[in-house]
> 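The structure is given below, and queries will be raised subsequently.
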Number of protein chains: 2
Amino acid sequence: MTKDILKLDNQLCFPLYAATRQMTKLYRPLLEKFDVTYPQYLVLLVLFETETITVKALGHRLFLDSGTLTPMLKRMEERGLVKRTRSLTDERVVEVTLTDKGKAIEKKAEEVPVAFTKEINLEEAEYFELKRILTKILDQV
Amino acid sequence: MTKDILKLDNQLCFPLYAATRQMTKLYRPLLEKFDVTYPQYLVLLVLFETETITVKALGHRLFLDSGTLTPMLKRMEERGLVKRTRSLTDERVVEVTLTDKGKAIEKKAEEVPVAFTKEINLEEAEYFELKRILTKILDQV
DNA sequence: TACAATTTGATTGTACACAATTAAATTAAG
DNA sequence: CTTAATTTAATTGTGTACAATCAAATTGTA
């Protein structure tokens with residue numbers, strides 16, 4: 001029965017793909033008050049750590065390219081969350097920084113992972129095992 | 001240091017989100033010869049199992065709604081992979097079936113998961129543990 | 001110095017993804 | 001038999017994703 005390898009229930013990537021979308025859906029109401037989407041929230045998390053980052057480095061960190069980031073960062077700029085500045089030393093480079101409004105989110109944002117972890121009913125061991133395996137996959141790419 | 005819960009490296013959903021996109025990227029060249037995307041490939045997998053399914057049931061199986069499926073199925077219909085037929089007994093229902101061209105893909109499609117599993121360098125135990133935990137998450141939703 | 005190769009964002013085009021709404025058909029209650 | 005409630009797809013609008021291409025700036029090399 002080699003044919004069973006095409007059964008949906010035997011796929012690994014399908015639950016990966018579906019679980020990702022379900023998780024994003026769980027985040028939506030938690031992020032609503034900050035008026036950001038889940039990918040935008042990830043950009044904020046990076047900026048909380050680094051203060052300033054180039055589009056290139058941000059893309060490397062989040063595994064996203066400029067075709068996704070450029071319009072997304074422009075939307076975030078329109079909403080007053082970030083500032084985009086072209087580097088003085090190299091005009092090709094755009095640096096992204098948090099505005100005061102963006103910085104203000106950091107204090108309140110801690111409740112987001114707390115609330116999420118509560119909603120996603122996962123054993124602590126499973127939580128870390130899942131994270132470990134996924135990170136291993138990413139490290140290979 | 002409660003603040004560390006906002007660190008990107010401490011997030012569970014970020015590697016989930018990133019790994020999903022990387023996996024989709026690995027699938028792309030494998031699916032190219034069939035001229036389908038990864039979500040379209042999932043539709044094919046369902047149809048290999050059921051022959052005929054309503055949009056509603058397909059959405060339930062793949063965790064997708066009509067706003068995603070309707071245009072996607074129309075594209076697949078344009079490419080001659082599926083047929084969309086409005087039910088005779090209930091005009092609200094649309095039934096999706098494979099065409100001969102769609103059916104023909106099944107024989108060759110087995111090489112896709114084979115090639116993918118080879119590329120993704122994961123211990124068998126990790127493979128199944130990852131699948132198990134993700135499925136558990138999906139069952140909760 | 002010239003100038004080809006490289007780097008970096010931006011742009012374009014296609015394809016999801018989903019919330020919210022609409023429209024058509026069916027079902028159920030009185 | 002009527003009409004309100006429900007069911008089911010389709011539509012609309014916004015926001016990712018990403019391949020492919022472009023354009024501008026910088027760098028390396030003869």
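Since the model is a prediction, treat every value here as computed from it, not as a measurement.
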> Expressed in angstrom and rounded to an integer, what is the separation of A/Leu73 atom CG from D/dG15 atom P?
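From A/Leu73 CG to D/dG15 P: 14 Å.
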
> How would you label the contact of A/Thr89 with the nucleic acid (heavy atoms, under 4.0 Å): base, sugar-phosphate, or nothing?
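Contact class for A/Thr89: sugar-phosphate only.
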
> For the NZ atom on B/Lys83, are there more than 12 heavy atoms of other groups (residues, nucleotides or ligands in this structure) within a distance under 6.0 Å?
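No, the 6.0 Å shell around NZ holds no more than 12 heavy atoms from other groups.
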
> Please report the closest heavy-atom contact between A/Gly102 and A/Phe48, naming both atoms and the distance.
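Taking A/Gly102 first and A/Phe48 second, the nearest heavy atoms are O-CE2, 3.8 Å.
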
> Atom CZ of B/Arg21 to atom P of D/dA17: distance rounded to whole Å?
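Rounded to whole Å, this separation is 6 Å.
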
> Please state how far atom CG in B/Leu31 lies from atom C1' in C/dA15, giving the value in whole angstrom units.
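Distance, rounded to whole Å: 14 Å.
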
> In this structure, how many angstroms lie between the P atom of D/dA19 and the CZ atom of A/Phe63, rounded?
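Roughly 14 Å, once rounded to whole Å.
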
> Quick one: B/Glu91 CD to C/dT27 P, roughly how many Å, whole number?
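In whole Å, C/dT27 P lies 12 Å from B/Glu91 CD.
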
> Can you build the contact string for nucleotides 1-13 of chain C? Use B for base contact, S for sugar-phosphate-only contact, and - for no protein heavy atom under 4.0 Å.
------BSSBB--

> Which one, D/dC18, D/dT16, C/dA15, comes nearest to the side chain of B/Arg79?
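From the listed options, C/dA15 comes nearest.
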
> Could you give the CZ-to-C1' distance, from B/Arg75 to D/dA10, as a whole number of Å?
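Answer to the nearest Å: 14 Å.
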
> Here's one to test your reading of the geometry: is the NZ or CZ of A/Arg61 within 45 degrees of the ring axis of A/Phe63 and under 6.0 Å from its centre?
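Relative to the ring axis of A/Phe63, which defines the angle, A/Arg61 lies outside at least one limit.
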
> Angle between ring planes, A/Tyr27 versus A/Phe116, binned at 30° and 60°: parallel, tilted or perpendicular?
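Parallel, since the angle between the ring planes stays under 30°.
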
> Would B/Arg21 pass as a cation-pi partner of B/Tyr17, given that its NZ or CZ must be under 6.0 Å from the six-membered ring centre and within 45 degrees of the axis?
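Yes, cation above the ring, under 6.0 Å and within 45°.
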
> Rounding to an integer number of Å, can you tell me how far B/Glu77 CD sits from D/dA10 C1'?
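The distance from CD of B/Glu77 to C1' of D/dA10 comes to 14 Å, rounded to the nearest Å.
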
> Between atom OH in B/Tyr27 and atom C1' in D/dC18, what is the gap in whole Å?
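Rounded to whole Å, this separation is 19 Å.
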
